[in-house]
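Take a look at the structure below.
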Amino acid sequence: MVRNIVILTGAGISAESGLGTFRDADGLWSRYPLEDVATPEGFARDPVLVHEFYNARRENAAQAVPNDAHKALARLQADWPGRVSIVTQNVDGLHEAAGARDLIHMHGELARALCARCGHRWDAPERMAKDDPCPACGAAATRPDVVWFGEMPYRMETILSLIDDADIFAAIGTSGNVYPAAGFVQEALGAGAHTVELNLEPSAVVSAFDETRFGPATQIVPDWVAELLQRRAE
Ligand code: APR
């Protein structure tokens with residue numbers, strides 16, 4: 001029986017590419033109050049600060065390269081006989097850069113811009129500013145196409161139906177602090193999937209997983225993928 005795999009990734013998979021995580025010791029939320037830079041209210045209060053925050057992250061992400069964990073997942077997608085869907089909370093483009101195809105950015109993308117007035121989306125310029133006109137309606141209402149706290153993550157229906165069909169659900173590099181992503185493992189258990197957590201340390205939802213593997217993603221993810229591909233014939 002060919003098995004489908006759903007993989008949730010978080011900031012930890014991009015940590016070894018030099019992109020900061022959010023809740024580690026020197027994480028982004030220890031340097032910027034998330035209320036100011038990752039909420040609609042923060043953007044309404046100070047759009048200049050928020051654009052600067054995302055401009056800096058966009059520049060950082062543009063210089064980063066995919067690491068062996070991103071590459072291993074792209075290899076799994078290419079060589080696994082069933083469907084391998086990646087659902088990432090990350091807004092960087094490192095999964096795509098590693099060759100991943102079946103990919104959902106549930107929290108949006110640094111590389112995309114959104115018009116708060118008409119909903120138009122386009123490829124973000126390197127630096128965005130609060131008075132940039134929307135290419136479609138001309139309004140000076142442009143924002144990063146990133147999902148902020150209090151906003152609905154993208155493509156939730158598709159994600160939940162992928163998880164319902166999953167035989168294996170893996171969570172990689174995520175602390176399990178933010179819902180709905182942190183609840184996906186429960187969905188997967190309900191669907192009868194085998195669940196595995198691959199992380200530097202136990203996440204807040206580690207007890208929900210059938211299997212856990214701890215260590216840096218660039219070590220444990222390629223090993224996990226190699227074992228899966230070894231066993232694919234079973
Ligand atoms: N290899 C594997 N895991 C790692 C590594 C590494 N090299 N470095 C850090 N980690 C793990 C940490 O142990 C932690 O559990 O990655 C996780 C990162 O957790 P967070 O910083 O909370 O990031 P994430 O879970 O992706 O945050 C979810 O919160 O702020 C919002 O929208 C933002 O998408 C983000 C969401």
Side-chain angles (χ1 to χ4, degrees), residues 7-43 50 53-54 56-58 60-61 64-73 86-95 98 103-112 114 143-156 159 169-186 195-209 211-225:
I7 300 168
L8 171 70
T9 64
I13 199 169
S14 297
E16 290 163 270
S17 294
L19 297 187
T21 63
F22 294 95
R23 296 172 183 83
D24 286 328
D26 58 347
L28 275 168
W29 297 151
S30 67
R31 286 180 275 134
Y32 296 87
L34 71 86
E35 300 71 29
D36 293 349
V37 294
T39 62
E41 298 75 17
F43 184 66
V50 174
F53 174 68
Y54 285 96
R57 290 184 63 195
R58 191 173 299 112
N60 199 10
V65 294
N67 60 51
D68 288 346
H70 297 107
K71 291 174 190 165
L73 295 188
I86 299 172
V87 177
T88 188
Q89 300 172 90
N90 299 339
V91 292
D92 63 58
L94 295 180
H95 281 301
L103 174 67
I104 294 177
H105 276 278
M106 66 179 287
H107 289 168
E109 297 173 70
L110 281 173
R112 297 287 282 168
L114 168 66
R143 55 170 278 186
D145 188 15
V146 169
V147 176
W148 286 327
F149 286 94
E151 295 183 325
M152 195 60 192
Y154 294 157
R155 307 207 33 217
M156 281 300 294
I159 294 169
F169 173 81
I172 303 176
T174 181
S175 63
N177 281 303
V178 175
Y179 287 80
F184 289 168
V185 60
Q186 291 301 340
T195 56
V196 49
E197 173 171 282
L198 297 102
N199 209 51
L200 194 60
E201 60 202 11
S203 77
V205 291
V206 65
S207 59
F209 287 86
E211 181 190 354
T212 55
R213 296 178 180 225
F214 298 125
T218 54
Q219 285 166 33
I220 61 175
V221 175
D223 289 350
W224 176 65
V225 167

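Both ligands and their constituent atoms are indexed starting at 1 by order of listing.
The shortest distance between side-chain heavy atoms of M106 and R155 does not fall below 4.5 Å. Residues I104 and Y154 fail the side-chain proximity criterion, which asks for heavy atoms closer than 4.5 Å.
For the atom pair CG (D145) and NE2 (H105), the distance works out to 10.5 Å, reported to the nearest 0.5 Å.
Within the structure, the side chain to side chain donor-acceptor pair (under 3.5 Å) test picks out the following pairs touching residues 22-31 (sequence neighbours left out): T21-D24. Sorted by first and then second residue, the pairs that involve residues 198-208 and meet side chain to side chain donor-acceptor pair (under 3.5 Å), not counting sequence neighbours, are E197-S203.
For P33, the side-chain contact (heavy atoms from CB on, under 4.5 Å) test picks out E35, D36, with sequence neighbours left out.
A heavy-atom cutoff of 4.0 Å around ligand 1 is satisfied by the protein residues G10, A11, G12, A15, E16, T21, F22, R23, D24, W29, Q89, H107, F149, G173, T174, S175, V178, N199, L200, E201, G215, P216, A217.
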